[in-house]
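Below is one structure; the comments refer to it alone.
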Amino acid sequence: MLDIKFIRENPDIVKHACQVKNYPDVVDDILNLDKRVRELKTITQTKTAEKNKISKEIPTATNKADLIAKSKAISEEIANEMAELADKENVLNDLLHSVPQIPTPDAPIGPDESANVEIRRIGTPRTFDFTPRPQWDLLDMNGWWMPEQIAKTCGTRLYALCGELAELELAVQTYVIKKMIAKGFKFVACPSITKPQVIFNAGHFTGSDLSVMNDDVFMLEGTDRCLAGTSEIILNSLYSDEILSENVLPMKFVGFSPCFRKEAGSAGRDTRGLIRVHQFNKVEQFIFCKPEDSEKMHEMLLNDLCETMEDLELPYRVIANSTGDMGFNKVKMNDVEAWVPSENAYRELGSCSTIGQFQARRTNTRYRKNATNEVDFVATLNNTGIAAGRALVPLMENHQNADGSVNIPKKLQPLMDGRIKIGGKHQ
RNA sequence: GGAGCGUUGGCAGAGUGGUAAUGCAGCGGAUUGCUAAUCCGUGACCGUGUUAUAGCGGUCCACAGGUUCGAGUCCUGUACGCUCCGCCA
């Protein structure tokens with residue numbers, strides 16, 4: 001959420017953000033309500049001060065009965081005004097939670113992903129001297145999954161990895177986690193079960209009505225828990241309601257967890273293969289830092305993701321996501337897309353996001369400045385370390401051979417006991 | 001699943017229904033003069049006010065209700081934690 005003071009002082013900036021991010025402009029409603037709420041606060045506080053004064057006199061007073069009656073009368077007045085105040089504050093809060101984060105001025109402006117801009121392209125898609133196979137053919141011919149059995153057993157949009165490809169998934173995860181540990185990130189293997197509040201805190205959804213997430217999040221029926229769509233949300237809430245010392249910032253985490261998504265709005269898209277599923281494993285980077293350090297942290301994270309693409313020997317490109325595509329809570333977002341030969345296209349493998357203080361306001365995560373002793377909200381950033389299942393698609397397709405075998409990138413070979421390729425006719 | 005105990009500032013820790021001690025840490029300042037010591041100040045949030053401070057007022061003792069003129073304190077519910085029992089590995 002945004003600071004109400006910021007909205008008061010910069011209504012035009014906020015209105016513009018609502019417009020370019022495709023959210024309703026509720027700024028005027030907010031300002032009106034805010035005015036009334038502050039009036040009511042002033043009134044009730046003045047009366048409360050009077051009541052407190054009387055209460056203080058009662059123990060020593062001679063005319064106790066009079067004072068008690070007076071105090072009772074004031075209490076009733078206060079109660080009425082407080083009722084209106086609580087009501088108005090609730091509405092105001094809902095509206096505040098439906099205002100999107102202000103995007104960075106250099107983000108492309110547009111309604112959706114069609115306005116995204118490619119900012120650089122690294123590596124050249126390979127020229128094949130045979131017809132490259134799509135992921136599902138490689139999975140089938142190598143026995144690396146069991147689609148019919150899993151559809152029968154667990155339902156659609158789920159897969160089981162088998163044999164050497166399952167080993168490769170572990171290797172990719174381990175590779176990225178170790179790489180991040182070496183870069184100073186603290187490894188946290190996160191739970192996947194969490195509380196709805198934690199999902200709300202992450203700010204992916206608008207409003208303060210927790211039921212809006214029902215379309216996207218698996219609720220665990222009969223409990224007050226749900227399944228996390230990413231370890232980002234767990235990491236984000238780790239220090240909620242805490243005041244951190246400036247000295248501990250930046251705090252850098254590499255999280256790992258199975259991730260669960262309903263994918264309710266994607267019927268018919270990517271129905272085959274490993275791209276879009278209800279459950280997958282993901283390594284995630286997450287940073288808490290001082291707001292002024294946020295920009296350089298973004299560059300660092302984006303660079304980490306690019307480095308991983310290069311370690312995996314994948315041709316890729318970096319996207320500047322448009323205001324309409326970046327999401328409710330983000331200041332800036334860069335997708336990294338890897339080349340997928342069978343689709344003759346780049347597909348999203350990860351994304352690097354600057355959130356500013358938006359999540360920290362929801363989690364109430366603050367830090368105390370050494371110089372002034374002031375308290376301020378931290379800034380947060382998140383980045384895909386590697387979405388393991390999805391990454392296997394370009395890995396298989398780009399590194400495939402005519403016989404259906406797949407070469408293993410050099411950096412992963414040590415984690416595969418030195419094997420240089422997997423699969424092929426021998427299976 | 002059952003029972004008991006607990007939750008007070010960054011941490012530790014007092015608090016007969018009359019409006020939150022104290023210690024430590026951190027930060028700021030003063031002083032002495034040298035591997036440091038001593039002293040003083042310093043909680044968060046909101047409103048008001050200010051160029052910015054200050055000031056003034058309100059709220060906050062896990063959370064939400066209730067009793068009361070008045071609740072950290074009494075009552076009810078919830079969450080979380082600890083201990084024990086049961087169950088399972």
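Hydrogens, waters and symmetry mates play no part in the numbers below; they use all other heavy atoms, side chains included. Chain identifiers are assigned alphabetically (A, B, ...) following the order of the sequence lines, protein sequences preceding nucleic acid strands; residue numbering begins at 1 within each chain. Here the structure is a predicted model, which means the values were calculated and not measured.
Pair assignment for C61(B): none, as no Watson-Crick or G-U wobble contacts are both less than 3.5 Å. Shown here, G70(B) forms no base pair; nothing in the strands shown gives a Watson-Crick or G-U wobble contact with both key distances under 3.5 Å. A52(B) is unpaired under the Watson-Crick or G-U wobble criterion, no partner having all donor-acceptor distances under 3.5 Å. Across all strands shown, A14(B) has no partner, as no Watson-Crick or G-U wobble contact with both distances under 3.5 Å is found. Pairing of U35(B), defined by two Watson-Crick or G-U wobble distances under 3.5 Å, is not identified with any nucleotide. In a base pair of the Watson-Crick type (N1 to N3 plus N6-O4 or O6-N4) or a G-U wobble (N1-O2 and O6-N3), with each distance short of 3.5 Å, U19(B) is matched with no nucleotide. Pair check for A89(B) finds none; no Watson-Crick or G-U wobble contact set falls under 3.5 Å. Here A3(B) sits opposite U83(B) as a Watson-Crick or G-U wobble pair (both hydrogen-bonding atom distances under 3.5 Å).
Using C1' as the reference atom, C69(B) and G81(B) are 37 Å apart when rounded to the nearest Å. Between G6(B) and U73(B), the distance separating the two C1' atoms is 16 Å to the nearest Å. Going from the C1' atom of G9(B) to that of G23(B) covers 13 Å, rounded to whole Å. Using P as the reference atom, G10(B) and C85(B) are 36 Å apart when rounded to the nearest Å. One P atom belongs to C11(B), the other to G43(B), and the distance between them is 16 Å to the nearest Å. The separation of A89(B) from A14(B), taken at their C1' atoms, amounts to 44 Å, rounded to a whole angstrom. Nucleotides A12(B) and U67(B) are separated by 34 Å at their C1' atoms, to the nearest Å. U59(B) and A37(B) are spaced 40 Å apart, taking the C1' atom of each and rounding to whole Å.
When each of U48(B), G57(B), C69(B) is scored by its nearest atom to the side-chain atoms of Thr42(A), the top-ranked nucleotide is U48(B). Out of C69(B), C46(B), C45(B), the shortest distance to the side chain of Lys41(A) is found at C46(B). Listed nucleotides: G47(B), C45(B), C69(B). Nearest to the side chain of Arg366(A): C45(B). Of the listed nucleotides (G57(B), C45(B), G70(B)), G70(B) has the atom at the smallest distance from the side chain of Ser55(A). For Arg38(A), taking side-chain heavy atoms from C-beta onward, the closest of the listed nucleotides U59(B), G47(B), A44(B) is G47(B). Minimum atom distance to the side chain of Ile243(A) is reached by A44(B), of the listed C80(B), G47(B), A44(B). The side chain of Lys72(A) lies closest to C69(B), out of C45(B), A79(B), C69(B).
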Could you check Phe358(A) against Phe328(A) for ring-ring contact (aromatic ring centres under 6.0 Å, His included), going step by step and ending with a plain yes or no? CA-CA 10 Å; Phe358(A) 197 88; Phe328(A) 183 68; 5.6 Å; yes
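Taking the centre of each ring, Phe256(A) and Phe187(A) stay at or above the 6.0 Å mark.
Annotation: cation-pi pair Arg362(A)/Phe200(A) present, NZ/CZ under 6.0 Å from the ring centroid and within 45° of its normal. Note that Lys252(A) lies in the cation-pi zone of Phe185(A), set by a 6.0 Å cut-off to the ring centre and a 45° limit from the axis.
Among the atoms of the strands shown, only primed sugar atoms or phosphate atoms (P, OP1, OP2) are found under 4.0 Å from some heavy atom of Asn52(A). Within the nucleic acid shown, Arg361(A) has no heavy atom closer than 4.0 Å to any nucleic acid atom.
Atom C1' of nucleotide C11(B) and atom CG of Leu244(A) are separated by 15 Å, given to the nearest angstrom. In this structure, Ile74(A) places its CD1 atom 18 Å from P of U68(B), rounding to the nearest Å. Whole-Å rounding puts the Asp241(A) CG to C80(B) P distance at 15 Å. Computed from coordinates, the Leu85(A) CG to G47(B) C1' distance equals 11 Å when rounded to whole Å. Computed from coordinates, the Gln197(A) CD to C63(B) C1' distance equals 12 Å when rounded to whole Å.
Remark: the backbone N or O of Cys259(A) is not paired with any side-chain donor or acceptor of Ser257(A) at under 3.5 angstrom. Between the side chain of Asn334(A) and the backbone N or O of Ile319(A), at least one donor-acceptor pair lies under 3.5 Å.
Residues Asp224(A) and Lys195(A) fail the side-chain proximity criterion, which asks for heavy atoms closer than 4.5 Å.
Between Lys195(A) and Gln45(A), the residue whose closest nucleotide on RNA chain B is further toward the 5' end is Gln45(A). Each of Lys5(A) and Thr48(A) was matched to the nucleotide of RNA chain B holding its nearest heavy atom; the match closer to the 5' end belongs to Lys5(A).
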